[in-house]
Structure formats: C-alpha cells, structure tokens
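Take a look at the structure below.
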Amino acid sequence: MTPLAVADPGGLVQSVDWVAVAPPLIAALAGLVVLVADLLLKGSQKKALSWLAIGGLTLALAALLPLALGDPHSTFCVTSGGCSYEVDHFTLAFQLLVLGGALIAALLSVHTVAQDRLPGGEFWFLLLSSAAGAALLPASRDLATLVVALEVASLPAFALVALRRDGRGAEAALKFFLSSVTATAVMLLGVSFVYAATGTLHLSAVADALTTAPAQLRHLAEAGAVLTLVGFAFKTAAVPFHFWVPDTYVGAPVPVAGYLSVVGKAAGLAGLALVTTVAFRPYGHTWGLVLAVLAAATMTAGNVAALRQRAAAPDSAVRLLAWSSVSQAGYLLVPLAAAGYADSGRPVGATVAYALVYGVVNLGAFAAVAATGHSRLDDFQGLFARNRWTALALAFFLLCLAGLPPGVVGLFGKVVVFRAAVDAGLGWLAVVMAANVVVALYYYLAWTAKLFAPAEDTVRTRIPGPLTATLGLTAAAAVVLSAAPQLVLQVVSGSLFR
C-alpha cells in the first residue's frame with residue numbers, strides 16, 4: 001500500500017512570484033473593482049466605469065515593463081515536471097498583444113456602450129475578465145492551466161457578443177457558444193488521453209514522456225495530441241472550425257468583433273504554439289503537416305468567401321473583415337507548421353511578429369468602421385470627401401493587411417512568414433500563400449478605391465472623441481511600425497522560449 005503522506009510537506013508550500021503574475025492579476029482585479037463600483041455608482045456616475053476599465057488595462061500593460069527589463073520569471077513549480085507559469089519572451093510578446101488589443105477595444109467601446117445602451121458594469125467586467133484569461137494563457141505551461149485560461153478568455157466573450165439585444169446578438173452568441181463548447185469537449189478528451197499516456201500535464205514533461213512512452217500507449221497519445229489541437233484550432237478560426245466567425249462578428253458590437261478578431265485569435269495561437277512546439281515536440285512532422293494543410297485551407301477559404309461579399313449587402317463591411325481575419329489566421333499558422341519541421345521553435349517568432357502587426361492594423365480597421373458607423377461597403381463610397389483623415393487611416397490599414405506600400409510593416413510581416421515556410425522545405429505551402437496574397441489584393445484594393453471615389457454626399461461628418469483618439473492611436477502605431485519594422489520583426493531572430 002502506497003503511503004499518502006509526503007516526505008517533505010513543507011515543500012508543497014511555495015511563495016508566489018507576484019511580479020510575474022501581475023499582468024493578468026491586475027486585469028482580473030480591475031474587473032472586480034468595476035463590478036463592485038457598478039453596484040455603488042448611480043445614473044450618470046456609471047460613465048466612470050469605462051475609465052476604471054481602461055485604467056486597469058493600462059496598469060496591466062505597465063506591469064509588463066519590469067518583466068521585460070529583468071530575467072525570465074517562473075512560479076507554481078514542482079520538483080519534477082517544471083513550472084505551471086513562466087514568463088519568457090514568448091509570454092511577454094503575447095501578453096503585450098492581448099492587453100494592448102483589449103485596451104484598444106476598450107477605448108473603442110466607450111462610445112459604443114453609451115450609444116447602444118449596453119449595461120456598462122457587465123460589459124466592462126466581462127471584457128476585463130476575458131482579457132485576464134487571454135493574458136494568463138501564454139504564460140501557462142501545463143495543460144490544465146491552458147484549458148482553464150482558454151475558458152476564462154472564452155466564457156465572458158460569449159456574453160459580450162449577446163449584450164447587443166437586437167435579436168442578432170443572441171443568435172450570434174448561441175452559434176459561438178455551441179461551436180466553442182463542442183471544441184472544448186473534444187479538447188478535454190484529448191487532454192485526458194495525453195495524461196493517461198504520459199502521467200503528467202506539464203508541457204515539458206509531456207514531451208519527455210512521449211519519447212519514452214510504451215508502444216501500446218503511443219496510439220492513445222497520438223489521438224490525444226490531435227484532439228487537443230482541435231480546441232485551439234477553433235479559437236484561431238482555422239478551417240473547418242471557422243463557420244461561427246462571420247455571424248458572430250456581425251451580431252456582436254463592432255468593438256467586440258475587433259476584440260475577438262485580435263485578442264481571441266491571439267489566445268488560440270498562443271495555446272496552439274505551446275502545445276505543439278513544447279508538449280508535442282516528438283510528433284513534430286505529424287502536426288507540422290496537419291497545420292500546413294489547415295493553413296492552406298484556412299487562407300484559401302477566407303479569401304474566397306471575402307471575394308464573394310457584395311458591396312450593397314447589409315453588414316458587408318464587417319463580414320469582409322470577418323472573412324479577412326479567417327484568411328489572416330491561415331498566414332499565422334504557416335510558421336507554426338514550419339516549426340514542426342525545424343530543430344527548434346524558432347519559426348514561431350514569425351507568427352509572433354505577424355500577430356503583432358496584424359493586431360494593430362486589424363483593430364485599426366475595426367476602429368474606422370466603428371467611427372464611420374457604416375455597415376455596408378457601399379456606404380464607404382467617397383469617404384475621403386466627408387472625412388479625409390478617417391479615409392486615409394482606413395486606406396493605410398487595408399494596405400497593411402494586403403502587404404502593399406506604404407504599409408511596409410504588413411509587407412515585411414508576410415515576407416517573414418513566407419520565408420519560414422521556404423526554410424522549412426514547405427515550398428508548396430509558400431506557393432499557396434503567394435497565390436492567396438495576390439487574390440486578397442483584389443478585395444483590399446477594391447475597398448480602398450471606394451474611399452477615394454466621387455461621392456454624391458460630401459457633407460463632412462463628425463466623429464466622437466473616443467473613436468477619434470482610438471483611430472489616431474492605431475494609425476500612429478501602424479505608421480511607426482512601417483517606418484521602423486525592426487521593432488516587431490526583431491522577435492524573429494531571437495529565442496522565444498528559455
């Protein structure tokens with residue numbers, strides 16, 4: 001009979017590195033502060049809730065600074081198996097993307113919450129809670145924490161989509177919820193298979209155990225690895241787990257759609273990168289091929305659907321951005337596929353760099369749509385005559401997404417992704433990507449051309465202050481990155497993991 005007592009009970013008690021866990025912790029505490037403040041504030045005083053949320057996200061971002069300047073941190077460690085929470089370059093890059101994206105979405109939402117009469121306390125609490133889960137995920141280094149972080153990021157997002165009570169919000173949230181629950185159930189089944197085959201949940205320990213797993217358990221482990229990838233593939237909107245995207249984006253408030261397109265996708269990518277390059281490293285060639293096929297299918301399906309959008313159709317602008325985000329997910333998957341054929345996880349740096357670029361310009365495009373209040377592509381006809389700065393900003397964002405000058409950072413982002421595929425020997429995937437980039441030029445340039453076309457209505461429109469500030473912030477960030485792309489692309493050359 002095995003004794004239940006441990007040799008050193010005191011070893012189970014350990015100190016928590018509060019500096020390491022500060023970014024997600026601050027976001028979570030800010031959510032609790034907003035929830036309590038919503039009970040205490042009355043009437044017009046509730047407007048302060050938005051600035052409490054924005055302040056919390058700003059503090060969470062500031063908490064990344066001491067981590068970036070110091071040595072790598074880790075906490076919640078065990079003697080055998082590693083640590084459950086680690087802060088390295090990979091963690092910092094994705095936490096910057098997640099918290100920065102949430103901050104921009106919050107700035108966008110200030111006007112939307114008031115205009116659509118959304119319940120402010122619930123909205124800001126849900127946004128902060130989701131952001132806290134998304135910030136926790138890239139630091140997670142065991143499968144249990146990964147699953148918990150993914151669900152903390154996802155569950156509030158369902159409610160955020162449903163807050164616009166016009167019928168479409170509830171339908172969009174239901175589609176999002178049912179698809180996500182199915183993917184999560186499959187992923188949990190996969191995690192249980194992996195645990196049964198390896199006897200551990202820590203990612204590095206799983207990798208070690210897979211290399212020495214008995215022959216009779218290898219099929220179980222392989223099945224578990226495949227099923228585990230399903231949940232993260234859903235979050236990245238990879239084919240065939242992408243059907244929820246257009247209806248969800250259209251039914252949600254525009255800032256929430258922008259949040260899902262960047263922060264939700266970043267959380268899925270972070271989890272996918274961790275389980276593949278760290279936990280399932282011994283199966284690299286298998287999941288590398290699977291991700292390569294998914295990347296090709298995803299970028300192709302997204303671009304074909306975007307091409308089919310009719311300019312006069314209702315909500316065609318948001319639907320085009322939704323399908324564009326699906327195609328961009330395909331590009332983001334390319335370096336992850338390449339990592340399966342490399343000796344290390346270095347190609348993942350291309351995904352991180354491209355994700356940072358995509359996050360800025362895609363949120364900028366959603367900010368322009370929110371600022372104009374237009375839902376159809378035809379409504380953008382002649383926007384330059386009515387609001388030249390908004391038109392110029394949107395045109396710049398679209399050119400960055402297309403990878404055309406002057407959107408230099410978008411061009412460099414695609415180049416590093418393309419190079420990752422070529423260096424890994426995935427020439428066929430590089431060809432598919434090049435063809436899709438050319439196809440995407442059509443709808444990006446068609447939308448850009450509409451902005452500068454002659455317009456019947458030339459009455460200048462006034463944009464609310466918070467939307468103007470958000471649009472200016474994202475445009476300035478995109479211009480700076482285009483002038484100095486090395487600020488983002490330097491992550492490609494360095495090591496992301498310790």
Side-chain angles (χ1 to χ4, degrees), residues 93-94 96-109 131 134 157 235-238 242 245-246 248-250 252-270 298-299 302-303 305-306 309 317-333 351-372 380 390 393-404 407-414 417 436-437 440 443-444 447-448 467 470-482 485 488:
F94 270 103
L96 174 63
L97 174 59
V98 164
L99 295 172
L103 178 60
I104 293 174
L107 290 169
L108 270 180
S109 302
K235 293 302 176 186
T236 59
H242 68 293
V245 173
T248 299
Y249 284 21
V250 169
V254 173
V256 174
Y259 174 86
L260 292 175
S261 73
V262 173
V263 178
K265 195 181 300 297
L269 279 171
T298 301
M299 65 179 74
N303 282 324
Q309 299 305 306
V318 176
R319 282 190 177 275
L320 189 146
L321 286 176
W323 286 114
S324 166
S325 75
V326 172
S327 67
Q328 298 288 340
Y331 304 145
L332 289 163
L333 289 174
T351 288
V352 176
Y354 193 82
L356 291 169
V357 173
Y358 164 78
V360 172
V361 298
N362 204 62
L363 277 171
F366 274 99
V369 171
T372 60
F380 288 85
T390 302
L394 178 56
F396 189 71
F397 296 138
L398 293 174
L399 291 176
C400 284
L401 288 171
L404 290 176
V408 176
V409 69
L411 173 62
F412 276 100
K414 284 184 168 58
V417 170
N436 274 277
V437 169
Y443 59 82
Y444 286 131
W447 192 354
T448 304
L467 294 179
T470 308
L471 192 59
L473 177 64
T474 51
V479 170
V480 169
L481 291 179
S482 288
V488 169

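All values below come from the heavy atoms of this structure, side chains included, with hydrogens, waters and symmetry mates left out.
The shortest non-hydrogen separation linking L97 to G359 is CD1-CA, 4.1 Å. When all heavy atoms of A134 and A267 are compared, the pair lying nearest together is CB-CB, 4.3 Å. Heavy-atom minimum distance, A93 versus V352: CB-CG1, 3.4 Å. In this structure, V245 and S325 approach most closely via the heavy-atom pair CG1-OG, 4.1 Å. Across every non-hydrogen atom of P246 and A322, the tightest pair is CA-CB, 3.8 Å. Counting all heavy atoms, side chain and backbone alike, S261 lies closest to Y249 at CA-OH, 3.1 Å.
With sequence neighbours excluded, the residues that form a side chain to side chain donor-acceptor pair (under 3.5 Å) with Y358 are N362. For F94, the ring pair (Phe, Tyr, Trp, His ring centres under 6.0 Å) partners at least two apart in sequence or on another chain are F90. Among residues two or more places apart in sequence or in another chain, the side chain to side chain donor-acceptor pair (under 3.5 Å) test is passed with T236 by none. In this structure, the side chain to side chain donor-acceptor pair (under 3.5 Å) partners of S324, at least two apart in sequence or on a different chain, are Y444.
Y331 places no side-chain N or O within donor-acceptor distance of the main-chain N or O of G413, the cut-off being under 3.5 Å. A donor-acceptor pair under 3.5 Å is formed between the side chain of K414 and the backbone N or O of L401. No donor-acceptor pair under 3.5 Å is formed between the side chain of S482 and the backbone N or O of V479. Counting only distance, with no hydrogens or angles, the side chain of T474 and the backbone of V360 share no donor-acceptor pair below 3.5 Å.
The neighbour count for F412 CZ, taken as heavy atoms of other residues, nucleotides or ligands under 6.0 Å away, does not exceed 12.
In this structure the side chain of N436 never reaches within 4.5 angstrom of the side chain of S327, judged on heavy atoms. A heavy-atom distance below 4.5 Å is not found between the side chains of T298 and H242. Counting heavy atoms from C-beta outward, Y443 and L320 have side chains that approach closer than 4.5 Å. Taking the side chain as every heavy atom from C-beta outward, V254 and L108 never approach each other to under 4.5 Å.
Rounded to the nearest 0.5 Å, atoms CG (L398) and CG (L321) are 7.5 Å apart. With rounding to the nearest 0.5 Å, the separation of CG in L99 from CG in L103 is 9.0 Å.
Of the residues listed (V361, V409, L356), the one engaging L481 in a side-chain contact (heavy atoms from CB on, under 4.5 Å) is V409, and it is the only one.
For the salt bridge (Lys or Arg N to Asp or Glu O under 4.0 Å) condition, no pair includes a residue of residues 472-481, sequence neighbours left out.
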Side-chain donor/acceptor pairs under 3.5 Å, residues 363-371, sequence neighbours excluded:
none

